[in-house]
Amino acid sequence: MFDSWLRSPVVAVVREALGPAAHQAERVIVVGDAGLAKALIAAGHASRAAAVSARAAKHLPALVAGTATALDLTTHSLAALVGVGAGGADGNAQVAEWVRTVAPGGRVVLVDRCAPALASKRALCAGLGEIEQRVSGRTVVTSGVVPASL
């Protein structure tokens, strides 16, 4: 999704959106974009990736099985999740699955090139609180905190 020359600014914005979870890389995964996953893993802000192409997976150190709408992770097992590309038809299902995997108080970071209002709507519909939005070029980075009640 991201050209290599665009990754550095996006990595910086995602790191900011992760907040304290950026220091818990072993409990942070990236879903949907191998290039961003590789960049975040190299920067020490994530440890694994999921739902990337088989070809791209060869270049990543660790993968989580499953798809963007059905990750092979236990409920509330992550400190944070960076999800790329939830703008498609099944975007709400993807975000709901991503929220399921993050512990209460953890962050879900949505990265996409959609309208900022759509990204905010997806985060709100998934039940995230403390929604924040940042922009890097055409990329919208929306983050929210998983409440205790989910």
Side-chain angles (χ1 to χ4, degrees), residues 1-2 7-53 56-57 59-114 116-136 139-150:
M1 175 175 189
F2 301 101
R7 280 192 206 114
S8 291
V10 173
V11 167
V13 172
V14 168
R15 188 252 170 265
E16 185 179 312
L18 284 169
H23 301 295
Q24 299 178 36
E26 70 282 352
R27 293 186 56 220
V28 178
I29 70 165
V30 181
V31 179
D33 187 82
L36 185 59
K38 190 173 180 181
L40 286 168
I41 291 168
H45 304 312
S47 63
R48 298 174 284 168
V52 297
S53 71
H59 304 287
L60 292 167
L63 291 173
V64 171
T67 65
T69 55
L71 295 170
D72 189 17
L73 291 167
T74 58
T75 299
H76 304 311
S77 61
L78 300 173
L81 181 143
V82 178
V84 180
D90 61 348
N92 289 341
Q94 287 178 348
V95 177
E97 172 65 0
W98 299 345
V99 169
R100 178 194 68 80
T101 65
V102 177
R107 290 191 171 266
V108 174
V109 179
L110 308 175
V111 180
D112 213 333
R113 289 191 173 159
C114 64
L118 177 59
S120 293
K121 180 180 174 184
R122 287 231 161 92
L124 288 168
C125 288
L128 296 175
E130 301 178 36
I131 308 263
E132 294 181 356
Q133 217 163 42
R134 297 160 176 85
V135 178
S136 177
T139 303
V140 177
V141 177
T142 306
S143 63
V145 175
V146 176
S149 61
L150 283 182

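This structure is a prediction, so every number in the text was calculated from the model and none was measured.
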**OP:** Go through the steps for V146 and L128 under the test side-chain contact (heavy atoms from CB on, under 4.5 Å), then give the verdict.
**Re:** CA-CA 5 Å; V146 176; L128 296 175; 3.8 Å; yes
How would you list, by chain and number, every residue that makes a side chain to side chain contact (heavy atoms under 4.5 Å, CB included) with [X], sequence neighbours excluded?
{"X": "A79", "value": "A21, Q24, R27"}
{"X": "A96", "value": "none"}
{"X": "L73", "value": "I29, R48, V64, L71, S77, L78, T101"}

Original post:
S47: what forms a side chain to side chain donor-acceptor pair (under 3.5 Å) with it, not counting sequence neighbours?
Top reply: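 So S47 forms no side chain to side chain donor-acceptor pair (under 3.5 Å) with any residue.
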Original post:
Can you list the residues that meet the side chain to side chain donor-acceptor pair (under 3.5 Å) rule with R15, with sequence neighbours excluded?
Top reply: H23
Side-chain touch [X]/[Y], heavy atoms, less than 4.5 angstrom:
{"X": "H45", "Y": "V14", "value": "no"}
{"X": "R107", "Y": "V102", "value": "no"}
{"X": "E16", "Y": "S143", "value": "no"}
{"X": "V109", "Y": "L81", "value": "no"}

**OP:** Check the pair V10 / L36 against side-chain contact (heavy atoms from CB on, under 4.5 Å), numbers first and verdict last.
**Re:** CA-CA 8 Å; V10 173; L36 185 59; 4.0 Å; yes
What closest approach, in Å, do [X] and [Y] show between heavy atoms, and which atom pair accounts for it?
{"X": "A119", "Y": "L110", "value": "O-CD1, 4.1 Å"}
{"X": "P104", "Y": "P147", "value": "CB-O, 3.9 Å"}
{"X": "A43", "Y": "V11", "value": "CB-CG1, 4.3 Å"}
{"X": "V141", "Y": "A17", "value": "CG1-CB, 3.9 Å"}

Subject >> Listed once per pair and sorted, the salt bridge (charged side-chain N to carboxylate O under 4.0 Å, His left out) pairs that draw on residues 91-101, sequence neighbours left out >> reply: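 Only E97-R100 qualify under salt bridge (charged side-chain N to carboxylate O under 4.0 Å, His left out).
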